[in-house]
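Structure first, commentary second.
Computed over heavy atoms, backbone and side chain alike; hydrogens, waters and symmetry mates excluded.
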Amino acid sequence: MSVKYIPVQWNKNKWWYDGIMLFAVVCYLWVFIEITPHILNHESPINAQVHNARAFGSCAFLMLSVILTIGPLARLDNRFLPLLYNRRHFGVMTAFVALAHAGYILDWYFAFSKAGKYEALLFANTSYTQLLGFPFEAFGIFALLCLLILATTSHDFWMKFLTPPIWKALHYLIYAAYISVVAHVSFGILQDQQNQAFPILFVVVACAVVGLHLLAAISERKKAGEHEKSTDGWIEVCATSEMNEGYAKIAKLPKGDRVAVFLQDGKLSAISNACAHQNGPLGEGKILNCLVTCPWHGFQYDVTNGRSPAPFTETVPTYNLAVENDRVLVDPEANQPGTFVEPLVLSKPKGGS
Amino acid sequence: MTQKTEPFFVGYLKVPKGLRSFLLMASLMFVGGFLAASLVIGATQDDAGKAGFRFDYGRQTVTGVVELKPYPLLRVTKGNDRIAVGHTLMLTGGGKAGVMDRATPLHGKLATASGVILERGTLDMLQLRGGKAGLKAAEGEASIPTSEPLGKWRLAGEICDGKCLAGAMQPGRGLAHKACANLCLIGGIPPVFVSSKPVEGSEFLLVASADGGPMLQSLYDKVGQFIELEGELERRGDMLVLKIDETSIGLAK
Ligand code: FES
């Protein structure tokens, strides 16, 4: 049981996760670097440095695309949630692969001149005012810096240090990085491409990433749209008959935050939907051993007071509930994180008439 | 929202039965997708054509008259079985460096050049050995052969750095290679215009400014782009030189 109280550490599932991820990356690079030169069979082969740079660059693009699809996939289908679990390791790996790509380019295209390679990167192409011939390397550098910042701050230490909201905001950089990578490829290699296989694949993957985000946003809006405001400012969550023992229903509050209403032992309790760890959706979690368990990394909370069990100190806000005409209502004003609220026995409606 | 029947995954607990096959499938698709993408992207890279250093020819040593404009050239007067008399050789140093400093004292004089050839089709270039071993004065008197004006031309094509184009890098042209090409040109490597249609039998033209000197720095912005331009064409031995009218340059349609 004690392992439960050290949630974000190495465990078997993480080994599996990292193993599969690493295997896919190694397969990708091996096929690209070792196999495809024989298939290409050019009379004068592509320089190994360029070939390797392309292998690592395209791999990093695909990895980043996969990372970005995990979020919306998990929102659309709960079964993808396990992929979210160790996404950070995936991100760190991507930063290393991207770094290798940059290294090959730097040591080839920017080497062999009297100037240092980093200097050369700055002055070799300064056509910043034109689209064709734009120094697309700049987009790559920006994306790489983002990835490196994200990788360095990926450890929970940084999340504690920066506080979760700032940490989470910082990690939205991943979107900036992705847009930058798309620009890097579009203004770079795509400009020279004769064979259209890579451009098509690139566009399909990038569109899939964007499309999945849109789909997830639409489906979430639909879910949230189901909840209506009641007359006295309390928010309607669902019918009492819709509540399932051990699970939650989520409702969006007027200020934009979400509340998760749980049914435990026939009693209703409500806590914030946002996990104190990384804002994971607690309402998509489940009550295990009397504790709400976050679906992302398994942080746990007592549903009656929003507190993590000792020795942990995480707290989330709680909410007041009522039941009226068989509808579950929630007071949109949150209580201080960690405030105990007496669970509401389902059979007793509020202020019974 | 989580429904009662669905298995619930907690990272530090065993993966629930119902999820295992799903996750296995997802993993297989992930690895399979990566393998397929690698094959597709890796095996459809463009062929940059036959070009490169011709170490297989061995070291080439020839004598000729050194000319400095627009870039250091050797007008061969005593060739060998690969390099004919009358050939005009572009000269380059190692890496991204030209040989203007070494060639300047020899302007208009006979010199012996030695190094390795880079070759792409009819385009070639001699990468000199270091120091005097690569370029030194030779016995005898000579003068720079005259050049033959071929009139004004309007052409479409791409300005490249001659060395990467000749095979120092594969691929060695295009917009993705632009920064590298600029770096070569800044270092003094002769630029070459690749014409979309052969001109007087050649698609490779050595680039000069309108006054016959080295290419203007303002043209660095145009390197690697498909452009249209006008210029005076000139034949020097078996090489064509294009004196670009800088005001005439525009993007090709
Ligand atoms: S446990 Fe990580 S977000 Fe909840």
Side-chain angles (χ1 to χ4, degrees), chain A residues 3-4 7 11 13 20 23-24 27-28 31-32 36 39-40 42-47 50 54-55 58 62 66 78-79 81-83 85 109-110 112-114 120 124-125 127 130 132-133 135 137 188-189 191-195 197-198 201 223 244 247 249-250 283-284 286 288 293 295 297-298, chain B residues 1-4 6-15 19 22-23 26-27 30-31 33-35 37-52 94-97 167 169-171 173-184 186-187 220-226 251:
Chain A
V3 63
K4 217 191 297 183
N11 59 51
N13 290 334
I20 293 168
F23 181 67
C27 281
Y28 185 93
V31 167
F32 203 116
T36 65
I39 302 174
L40 286 171
H42 294 161
E43 203 169 350
S44 302
I46 297 166
N47 296 132
V50 176
R54 289 174 174 176
S58 55
L62 287 179
V66 170
N78 284 323
R79 291 176 300 171
L81 274 170
L83 303 186
Y85 178 55
Y109 284 153
F110 294 91
F112 313 114
S113 85
K114 282 198 187 100
N125 181 2
S127 308
Q130 60 197 47
L132 285 178
E137 292 86 355
I189 187 78
Q191 296 295 330
D192 290 339
Q193 213 67 18
Q194 306 285 319
N195 189 309
F198 173 66
L201 191 81
K223 275 189 213 162
N244 292 324
Y247 289 97
K249 291 285 175 197
I250 302 169
E284 291 172 26
K286 182 182 172 181
L288 295 176
T293 307
H297 316 95
Chain B
M1 253 165 262
T2 314
Q3 291 310 305
K4 210 169 196 168
E6 285 177 11
F8 181 67
F9 172 84
V10 183
Y12 45 85
L13 301 180
K14 266 194 139 173
V15 179
L19 260 182
F22 178 80
L23 291 179
S27 307
F30 170 56
V31 175
F34 263 52
L35 275 174
S38 178
L39 258 183
V40 169
I41 300 173
T44 59
Q45 296 176 83
D46 292 323
D47 190 345
K50 184 172 162 54
K96 296 174 187 252
M169 288 197 181
Q170 279 286 76
R173 60 183 286 191
L175 283 172
H177 173 263
K178 179 183 169 76
C180 175
N182 281 7
L183 212 49
C184 279
I186 292 168
Y220 286 157
D221 284 339
K222 310 289 182 211
V223 172
Q225 287 186 5
F226 189 48
L251 282 182

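Interface residue B/I186: only side-chain heavy atoms are found under 4.5 Å from chain A. Proximity to chain A (any heavy atom under 4.5 Å) is shown, for B/Q45, by both the backbone and the side chain. Both the backbone and the side chain of A/F110 have a heavy atom closer than 4.5 Å to some heavy atom of chain B. Contacts between B/L39 and chain A at a heavy-atom distance below 4.5 Å involve backbone atoms as well as side-chain atoms. Contacts of A/L62 with chain B are made by both backbone and side-chain atoms, with heavy-atom separations under 4.5 Å. Heavy atoms of A/S58 lying under 4.5 Å from chain B belong exclusively to its side chain. Within the 4.5 angstrom heavy-atom criterion, atoms from both the backbone and the side chain of A/P82 approach chain B. The contact between A/L201 and chain B is made entirely by side chain atoms (from C-beta outward), counting heavy-atom distances below 4.5 Å. Both the backbone and the side chain of A/Q194 come within less than 4.5 Å of a heavy atom in chain B.
For the set B/G95, B/A181, B/A179, the count of heavy-atom pairs under 4.5 angstrom toward chain A peaks at B/A179. Among B/L23, B/T44, B/N182, the residue with the largest count of heavy-atom pairs under 4.5 Å with chain A is B/T44. Put simply, of B/V223, B/D221, B/V40, the one with the most heavy-atom pairs under 4.5 Å next to chain A is B/D221. Per-residue counts of heavy-atom pairs under 4.5 Å with chain A were compared for B/V31, B/D47, B/L251; the largest is that of B/D47. Ranked by heavy-atom pairs under 4.5 Å with chain A, the list B/G49, B/G52, B/A26, B/A48 is led by B/G49.
Shown here for A/S44 and B/K50, the closest heavy-atom pair between the two residues is OG-CA, 3.2 Å. Annotation for A/I46 and B/P171: closest pair CG2-CD, 4.1 Å, computed over non-hydrogen atoms.
Counting only distance, with no hydrogens or angles, the side chain of A/N125 and the backbone of B/K178 share no donor-acceptor pair below 3.5 Å. Looking only at distances, no side-chain donor or acceptor of A/Q193 sits under 3.5 Å from a matching main-chain atom of B/D46.
For the pair B/I41/A/Y28, a side-chain contact is recorded, criterion being any heavy-atom separation below 4.5 Å from C-beta on. Contact check for B/L35 versus A/V31: side-chain heavy atoms found under the 4.5 Å cut-off. At a threshold of 4.5 Å between non-hydrogen side-chain atoms, the residues A/Q130 and B/Q225 count as touching. Counting heavy atoms from C-beta on, the side chains of A/Y109 and A/E137 never come closer than 4.5 Å.
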